[in-house]
Amino acid sequence: MAFETSSAGVSPVSDDAETRYREDLGAVDTALRLPLTSLLGWSAIWIVIAAALGFLASWKFHAPGLLAEGSWSTYGRLYPAATNALIYGWGFNAAVAVGAWLFSRLAGSAPRGHRFATVAIWFCNFAVLSGVAGILLGESSGVEWFELPPFAATVLLVSFFVLGSWAITTLRGRRFEPIFISQWYVIAGFFWFAWIFTTALIMLDFFPVRGTVQAIIGAWYAQGLFALFFGSIALAAIYYFLPKLSGRPVRYYSLAVVGFWTYGVFNGWLGVQRLVGAPVPAWVQSVGVAMNLLSLAPVAIIGINILATLASSWSAVSNSPAYKFIAFAGLAFVVSSLQLALGGYSDSSHLTNITLLGHSQIFLWLLGFFTTSAFGAIYYLLPRIARGPWASAALINIHFLATALGVILIAVGLLIAGNKQAEGLESAANNFATIISSLNGGAILRTAGYGLFLIGQLAFALNVFRTFLGSFQTLEKPAYVSEPPVMEVAS
Amino acid sequence: MTRIPIILLGIFAVLASSWTGLILSNHLMYGDLGPYVSKDDNKAYPEQLPGIAAHGKQVYQDLGCVYCHTQQVRRPGLASDDKRGWGDRQSVARDYVREERVLLGSDRVGPDLRNIGARKPQGKATYDAAWHYVHLYNPQLTSPGSNMPAYKSLFETRKILGERSPKAIDLPAPYSAPAGYEILPTDRGEALVAYLLSLKDTFNYPEEATKVYVAPKNAEKGHGEAEKKEHK
Amino acid sequence: MSDLNSNPSNAQFEKAGASDESLQRAHASLIRSHAEFNEKSSKLPLFLLGLMSVLIFAASVYMVRHRGGFDPISYDAKFDPRMAVAASAKPTVNPVAEGEKLFATCSACHGPTGKGTPGVFPPLAGSEWATGSEERVIRILLSGLSGPLKVEGATYGAAQMPAFGPGGYGWSDEKISYVLTYVRQAFGNKAGEISPEKVAEIRGKIGQRKAWTEEELLAIP
């Protein structure tokens, strides 16, 4: 349905209340300014670090002779450093920033205690920085996707509790009941992360459980991290920005609630499908596969929401980088989820689970879905925090193209390499020399993808810092003081 | 639908289901699995790692060997693990009960290492300590085309004082140490190789051996017998 | 700054397509009214219901067939505890294969091909002691052998054979029978296999004793 762009839109609320509402939103962004500036600044630094480490690790994978001097530069140390920088550096900062902003915005009230929050953010980031350095120097905890040394992980958890409490204070002065699905996803994402992270820290680092129960916890934690934390925040952003940017409501919105609950339940269980063939009880492996099958339901529902909304709102938005990123994220969600569902149900999953095919799905999810969704949100919210427009549109374009192409190359490269690897491992007649030479092609593609990705992130970081530094001009009123259009719904 | 407490309860229940069903249940069911004491020789399997091998496990962990090597053998018939000499039987949970950090791995860019200490020599690969040292120093010497990095930090080159050290490694011509020098493993290198040589899961736990699929006897007797022989 | 407000949305400053409040109100009314399902595509919820039912059914069937008895130490999804109990209490072993593994201990002295060392360790290949009387060879393994021994015309005696039974390595009847069966059928030997029951019988007869000598053994048929 058409929406009105002039300020003479129909507004059922009186002008007085509207102005107060506008000022409240201004107050929200002002209250969020200090913590979010720190979070966004650190996010920009971390995505560059993560991209650089990922690029280096990917290159060392097929060319181990490069920089062959110290043990810090071997693949076995660079790869976990890269993934931890991506997850606990970039991912954590971006998810908290986007989640807190969305939550406060939709509640219409500002959280309290921004100074505590900012201190926690800086502590956390220094801890993660020393943690990633620790991984390069040999202090890895040994748990995949959770290699941060325990001291760094503990500081991260404590900071998260502070930040979570800070975000929750929004509920006190809220204007609206949380009826919009994005708020549910944010509350859930934060709660679930606290739980899975605490479990992993206690049952794997501090009081390690015995035997392969560690593998079960590790698999549960990994899927919880990807889907229940990062996925929730990314979906919150997608569900908010698709209608917000286009002015058209989410299609089949009444299904979204069912999608939310089924998404949460099944993703908690299907992590263990990555353990088919491993020395964990057979019923655990089967439960993972069965739940993976059931997870087609939330994928279908959320996929329908996203794809139908994209189809209906495509023409309404033009020249919007945020929308492009959100659209890319939505498509990546569908592809990556189907990749996981179909891969888990295959007959040879005991073989494909230990190839790069798993990595292809995970990195498409982390980089193609979560990261691009966060970028979309950041392109919208950062000018409102910094009180000034983005410094350069050219850098935004470079960022989008380089990120999109880079992610596609990474995912496709890993898919090709993983397929060749699975084919090779199937028969005992293939020795490893032939397997490696067949998968190196895909590995080189991945490196090329990371190179592009790194260029994009350098453009992004440059833009972020230029925008913050250039925004010393303060606006008298928040930039959006003019009334945005009212969303109309077809009846 | 709009009340926060109900939503929070739901969010709690959602994760509680998998936490209870997967983690708590398995921890209760087999989290206290202990070693099996064999009546034949009164030894407890899996065996305790000797000290230097335990130190080597730390080296294995911090160098990140787990990102290319798995330590989980598939059962014969399921995959080609037994044909590659990676193990006669599948890995079971009891094999890992003594390990503080279980490094199952999730990617096979290199062979599975669970039974590398028991692996039979194959051609030039003898899988003894000397072979491991050369392989770690420069993987291309023993496995051309491999993507494995050269772990030169596990070795040191030093001047020969008097006699050549018995620990010095022998490398083929273009790579050998310059005249008057020898290449030795450092403590970390020795520990890592000791750990690798200690990796052998050769004991057959009787209880686990019976818990495999057995084809029904009435169908084909010959088949049933053959199946039983496979699953030792 | 008014120019930001008057310009249309541009890449450097995204403008909202709708206000937050109207967004929330619009979606709340969508949920209440199910407006979109009054259109032609109202088959969607039915389709999704059907999909969920099919998925639940398929997942349940999968779980029933691949539950591995819910046994915490079963790693085979097709394992069925009822069949396994009926099938075998003890998995059948191949004595020669087991004996080959155990022979690694013997090869330390007798050599990997059973040739021994002249004057020190007697050979097993073609040895009349190894392929001959069961009674003698089982006794040698259970309690060991000391003193000189004549094998195929040559004398050996520089080393003592340790006991593998009680008082020595403590090998079980099964292990001794497997390694003896292997030795009697390897290295070109062609003799009969030895059963664990025979080993147990002899063990019961002799108990724990010191190592045998050649004369004592020759006295036994």
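The structure presented is a predicted model; accordingly, all values stated were derived computationally and were not measured. Within every chain, numbering begins at 1; the chains are lettered A, B, ... in the order of the sequence lines, protein sequences first and strands thereafter.
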Practice task
Measure distances from B/Leu154 to the heavy atoms of chain A and classify the residue's part below 4.5 Å as side chain, backbone, both or neither.
Solution key: neither

Handout entry: chain B contact via A/Phe260 - side chain, backbone, both or neither, heavy atoms under 4.5 Å
Key = side chain

Practice task
Could you tell me which of B/Cys68, B/Pro139, B/Gly21, B/Pro144 has the largest number of non-hydrogen atom pairs under 4.5 Å with chain A?
Solution key: B/Gly21

Practice task
Search all heavy atoms of B/Gly145 against all heavy atoms of A/Ile436 and return the closest pair with its distance.
Solution key: O-CG2, 3.5 Å

Problem - Working for side chain to side chain contact (heavy atoms under 4.5 Å, CB included), residues B/Ile23 and A/Met203 - result: CA-CA 10 Å; B/Ile23 297 184; A/Met203 293 176 91; 3.7 Å; yes

Handout entry: Atom group of A/Trp283 that falls short of 4.5 Å from chain B, counting heavy atoms
Key = side chain

Handout entry: Segment of A/Asn267 engaging chain B (4.5 angstrom heavy-atom cut-off)
Key = neither

Problem - Engaged part of B/Leu103 at the chain A interface, taking heavy atoms whose separation is under 4.5 Å - result: side chain

Problem - Structural part of A/Thr199 lying under 4.5 Å from a heavy atom of chain B - result: side chain

Fill in the blank from the handout: Pair count under 4.5 Å, heavy atoms only, with chain B: among A/Leu228, A/Leu357, A/Thr355, A/Asn431, highest is A/Thr355

Handout entry: Gap between atom CG of B/Leu78 and atom NE2 of A/His350 - 0.5 Å precision
Key = 4.0 Å

Handout entry: Gap between atom CG of A/Leu425 and atom CG of B/Asp81 - 0.5 Å precision
Key = 9.0 Å

Problem - Contact class of B/Leu22 relative to chain A, heavy atoms under 4.5 angstrom - result: both

Completion exercise
Closest heavy-atom pair, B/Asn26 versus A/Val213, reported as atoms and distance to 0.1 Å, is O-CG2, 4.2 Å

Handout entry: Structural part of A/Ile216 lying under 4.5 Å from a heavy atom of chain B
Key = side chain

Completion exercise
If one checks every heavy atom of B/Tyr60 against chain A at 4.5 Å, the contacting part turns out to be neither

Exercise for the section: Examine whether an atom of B/Val102 lies under 4.5 Å from a heavy atom of chain A, and if so say whether it belongs to the side chain, the backbone or both; otherwise answer neither. Expected result: both

Problem - Per-residue contact mode, A/Asp347 against chain B (heavy atom under 4.5 angstrom) - result: neither

Exercise for the section: Examine distances only and state if a side-chain atom of B/Arg84 and a backbone atom of A/Ser427 form a donor-acceptor pair shorter than 3.5 Å. Expected result: yes

Exercise for the section: Heavy-atom distances under 4.5 Å only: say whether B/Met148 touches chain A with side chain, backbone, both or neither. Expected result: backbone

Handout entry: Between A/Ala215, A/Gly264, A/Pro281, the one whose heavy-atom pairs under 4.5 Å with chain B are most numerous
Key = A/Pro281

Problem - Selection from A/Pro208, A/Gly142, A/Ala282, A/Ser140 maximising heavy-atom pairs under 4.5 Å formed with chain B - result: A/Gly142

Exercise for the section: Check each atom of B/Asp32 against the heavy atoms of chain A and say whether the ones under 4.5 Å are side chain, backbone, both or neither. Expected result: backbone

Handout entry: A/Met291 versus chain B, the contacting section by heavy-atom distance below 4.5 Å
Key = neither

Handout entry: Polar side-chain atom of A/Arg77 near backbone of B/Gly64 as donor-acceptor pair, under 3.5 Å
Key = no

Handout entry: Check: A/Arg210 side chain, B/Leu33 main-chain N or O, donor-acceptor pair, under 3.5 Å
Key = yes

Problem - Nearest atoms (heavy-atom pairs only) where A/Ala278 meets B/Leu104 - result: CB-CD1, 4.3 Å

Handout entry: Main-chain N/O of A/Phe61 paired to B/Asn147 side chain as donor or acceptor, under 3.5 Å
Key = yes

Problem - Heavy-atom donor-acceptor pair, A/Trp269 side chain to B/Trp19 backbone, under 3.5 Å - result: no

Handout entry: Side chains of A/Glu144 and B/Ser106, donor plus acceptor under 3.5 Å
Key = yes

Handout entry: Inter-residue atom distance B/Ser18.OG - A/Trp220.CH2, 0.5 Å rounding
Key = 6.0 Å

Problem - B/Val14 vs A/Trp192 side-chain heavy atoms within contact, under 4.5 Å - result: yes

Exercise for the section: Could you verify whether a donor N or O on one side chain and an acceptor N or O on the other, from A/Gln421 and B/Arg108, lie under 3.5 Å apart? Expected result: no

Completion exercise
To the nearest 0.5 Å, atom CG of B/Asp107 lies from atom CD1 of A/Ile354 at 8.5 Å

Completion exercise
One should read off an interatomic distance between B/Gln72 CD and A/Thr212 OG1, to the nearest 0.5 angstrom, of 10.0 Å

Practice task
Dump the intermediate steps for side chain to side chain contact (heavy atoms under 4.5 Å, CB included) on A/Val280 and B/Tyr30, then the final yes or no.
Solution key: CA-CA 10 Å; A/Val280 295; B/Tyr30 80 101; 4.0 Å; yes

Exercise for the section: Taking the side chain as every heavy atom from C-beta outward, state whether B/Leu63 and A/Ser71 have any atom pair closer than 4.5 Å. Expected result: yes

Practice task
With the side chain counted from C-beta on, respond yes when A/Trp184 and B/Ile4 share a heavy-atom pair under 4.5 Å apart, and no when they do not.
Solution key: no

Exercise for the section: Kindly state each residue pair satisfying ring-ring contact (aromatic ring centres under 6.0 Å, His included) with at least one member in residues 66-85 of chain B, sequence neighbours excluded. Expected result: A/Tyr79-B/Tyr67

Handout entry: Interchain contact, B/Glu100 with chain A, by part (heavy-atom threshold 4.5 Å)
Key = both

Practice task
Find the distance between CZ (A/Phe191) and CG (B/Leu15) and round it off to the nearest 0.5 Å.
Solution key: 7.5 Å

Problem - Atom NZ of B/Lys57: over 12 foreign heavy atoms under 6.0 Å - result: yes

Problem - Structural part of A/Glu426 lying under 4.5 Å from a heavy atom of chain B - result: backbone

Problem - Atom CZ of A/Phe207 with >12 non-hydrogen neighbours under 6.0 angstrom - result: no

Exercise for the section: Could you tell me whether a side-chain N or O of B/Gln90 sits under 3.5 Å from a main-chain N or O of A/Pro279, the two making a donor and an acceptor? Expected result: no

Handout entry: Largest heavy-atom contact set with chain A, pairs under 4.5 Å, which of B/Gln58, B/Gln140, B/Arg74, B/Lys83
Key = B/Arg74

Handout entry: A/Val265 versus chain B, the contacting section by heavy-atom distance below 4.5 Å
Key = both

Practice task
Under 4.5 Å, heavy atom to heavy atom: which of residues 110-128 of chain B reach chain A? Give them by number, or say none.
Solution key: B/Gly110, B/Pro111

